[in-house]
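Heads up: the structure comes next, in structure tokens.
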Amino acid sequence: MSFLDADSFIFDSQSSDSYNLMMCWIDDTANISANGLRRTIDSGGTSHVRLKTNNYGVSFDGNVEFSFYVIKKDETPFTRQESMAVNRWLTASTVPKALYFNDNALPSLHYYAVCTEIEDKVFLEHQAKRLVFRTNSPFGFTDPVEKRFHVTGEEVFSVDNLADTVTGIFYPRILLSAKSADGIVIENVSDQKSVTYSVSEAIPPDSSGNRILLIDNAQMRLLDVNSGNRLVPFHEVGWTTQYSSYVSSIDSYMESIYWFRLIPGTNTVKITGDCEVTFIFEFPRKAGCL
């Protein structure tokens with residue numbers, strides 16, 4: 001069903017099994033109230049002439065939060081070294097890391113979280129640790145899926161948008177690898193928009209002569225993979241005052257920068273140029289999907 005059925009978890013690429021731990025619930029039921037479903041209506045005020053508020057949408061009050069206990073599988077007390085090792089693992093990162101629960105539920109979901117509380121407990125002469133994980137989103141996420149295309153000239157394909165966002169819009173990450181500095185056009189025919197990249201010689205090649213660009217559309221940033229994910233200035237990909245990008249679906253050009261996105265439903269995508277393009281999809285799932 002959910003994380004309530006899990007007996008172990010994976011955080012920051014390490015499993016609780018490696019520390020001889022199992023999840024459990026002590027003295028009370030699991031706290032699932034902080035599941036990302038609390039929302040506040042964004043609205044204006046009322047007055048003697050405005051008898052109804054103007055509603056502008058809703059905002060999430062908070063992100064998903066997990067609170068549960070762990071004990072040693074053999075139910076023996078934690079030694080000082082064991083306790084220190086568990087605490088070191090859970091508090092090593094100060095930024096959200098992937099959190100998975102081995103609950104066998106479908107679809108498989110993960111979260112991005114920071115462990116914010118570790119509280120040692122004793123109950124019925126047993127030792128336990130109460131853990132709290134706070135995530136950075138009111139959503140869970142599906143396992144990342146990659147679609148890779150080797151393009152010589154032109155490639156057209158379809159992509160289904162499976163995101164559960166309020167608007168239905170989803171921004172994937174794109175890994176672009178090319179030897180040539182020629183313009184590469186990635187067009188969403190369904191969205192009637194495109195973006196053109198000119199892979200500059202300022203981006204160093206790898207041992208195979210490929211210049212690799214990671215396009216983080218959701219965060220609106222470009223990263224030079226071969227240089228330790230250096231932040232790439234826009235002019236290095238040809239985004240200057242003379243920039244334009246051809247859109248075949250409307251037989252015209254657009255001069256504004258388009259961060260590639262998927263609109264609701266099935267999207268037709270067209271890539272023009274000689275390159276290898278990998279789309280990385282990590283679709284958000286409904287708030288409250290614990």
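Basis for what follows: all heavy atoms, side chains included, without hydrogens, waters or symmetry-related copies.
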Next item on the list: Taking only Lys NZ, Arg NE, NH1 and NH2, and the carboxylate oxygens of Asp or Glu, determine whether D216 and R173 approach each other closer than 4.0 Å.
Entry: no
Checklist line | Passing candidate, ring pair (Phe, Tyr, Trp, His ring centres under 6.0 Å) with F9, options F68, Y111, F66, Y19 | finding: F68
Notebook entry, point to check: Have S194 and S245 got a donor and an acceptor in their side chains that come within less than 3.5 Å?
Noted result: yes
Checklist line | Residues, nucleotides or ligands: over 12 heavy atoms within 6.0 Å of Y253 OH | finding: no
Checklist line | Co-membership, hydrophobic cluster, residues V277 and Y171, 4.5 Å side-chain | finding: yes
Check: Is V70 reachable from V122 through a run of I, L, V, M, F, W or Y residues, each pair having side-chain heavy atoms under 4.5 Å apart?
Finding: no
Note to self: Taking the six-membered ring of F78 as reference, does the cationic atom of K129 (NZ for Lys, CZ for Arg) lie under 6.0 Å from its centre and within 45° of its axis?
What the structure shows: yes
Item checked: Linked, directly or transitively: I186 and F234 (ILVMFWY side chains, under 4.5 Å) -> yes
Note to self: Starting from L231 and following side-chain heavy-atom contacts under 4.5 Å between hydrophobic residues (I, L, V, M, F, W, Y), which residues can be reached?
What the structure shows: L175, I212, L214, L223, V225
Next item on the list: For the pair S15 (side chain) and I10 (backbone), establish whether a donor and an acceptor sit closer than 3.5 Å, ignoring hydrogens and angles.
Entry: no
Next item on the list: Please report the shortest heavy-atom distance between Y258 and N188, naming the atom on each side.
Entry: OH-CB, 3.7 Å
Check: Does any donor atom in the side chain of T53 or N55 lie under 3.5 Å from an acceptor atom in the other side chain?
Finding: yes
Next item on the list: Compare all side-chain heavy atoms of N63 with those of P138 and state whether any distance is below 4.5 angstrom.
Entry: yes
Check: Where do P144 and E282 come nearest, in terms of heavy atoms and distance?
Finding: CG-OE2, 3.7 Å
Check: L21, M84: one ILVMFWY side-chain cluster at the under-4.5 Å cut-off?
Finding: no
Next item on the list: Please test H150 against E155 for side chain to side chain contact (heavy atoms under 4.5 Å, CB included), starting from the C-alpha separation and ending with a verdict.
Entry: CA-CA 8 Å; H150 295 274; E155 180 83 21; over 6 Å; no
Notebook entry, point to check: Who else is in the cluster with V58 when I, L, V, M, F, W and Y are joined by side-chain contacts under 4.5 Å?
Noted result: I41
Item checked: For the student: nearest non-hydrogen atoms of G168 and N161, plus distance -> O-ND2, 2.6 Å
Next item on the list: Identify the two heavy atoms, one from K270 and one from S248, that lie closest to each other, and give their separation to 0.1 Å.
Entry: NZ-OG, 3.5 Å
Next item on the list: Please check if any side-chain donor atom of T272 sits under 3.5 Å from a side-chain acceptor atom of E187, or the reverse.
Entry: no
Notebook entry, point to check: Mind checking whether P205 and N210 have side chains closer than 4.5 Å, heavy atoms only?
Noted result: no
Next item on the list: Using a strict cut-off of less than 4.0 Å between a Lys/Arg side-chain nitrogen and an Asp/Glu carboxylate oxygen, indicate whether E236 and R230 qualify as a salt bridge.
Entry: yes
Check: Is the closest side-chain donor-acceptor distance between D74 and T76 under 3.5 Å?
Finding: yes
Next item on the list: Pick out which of F133, F283, Y100 makes a ring pair (Phe, Tyr, Trp, His ring centres under 6.0 Å) with H110.
Entry: Y100
Check: Can we say K179 and D274 salt-bridge, meaning some charged N sits less than 4.0 Å from an Asp/Glu carboxylate O?
Finding: no
Next item on the list: Would you please indicate yes or no on a ring centroid separation below 6.0 angstrom for F279 and F260?
Entry: yes
Next item on the list: Group every Ile, Leu, Val, Met, Phe, Trp and Tyr by side-chain heavy-atom contacts under 4.5 Å, then state whether V114 and F141 land in the same group.
Entry: no
Notebook entry, point to check: Any side-chain donor-acceptor pair under 3.5 Å between D61 and T40?
Noted result: yes
Notebook entry, point to check: What are the two closest non-hydrogen atoms of V64 and T135, and how far apart are they?
Noted result: O-OG1, 2.8 Å
Check: Counting only N and O atoms by type, is there a donor-acceptor contact under 3.5 Å from the side chain of N267 to the main-chain atoms of G265?
Finding: yes
Check: Can you name the nearest heavy-atom pair linking L99 to A113, along with the distance?
Finding: CD2-CB, 4.1 Å
Next item on the list: Determine, step by step, whether F123 and Y69 satisfy the ring pair (Phe, Tyr, Trp, His ring centres under 6.0 Å) criterion, reporting the C-alpha distance in whole Å, the side-chain angles of both residues, the deciding distance to 0.1 Å, and the verdict.
Entry: CA-CA 12 Å; F123 70 102; Y69 292 84; 7.4 Å; no
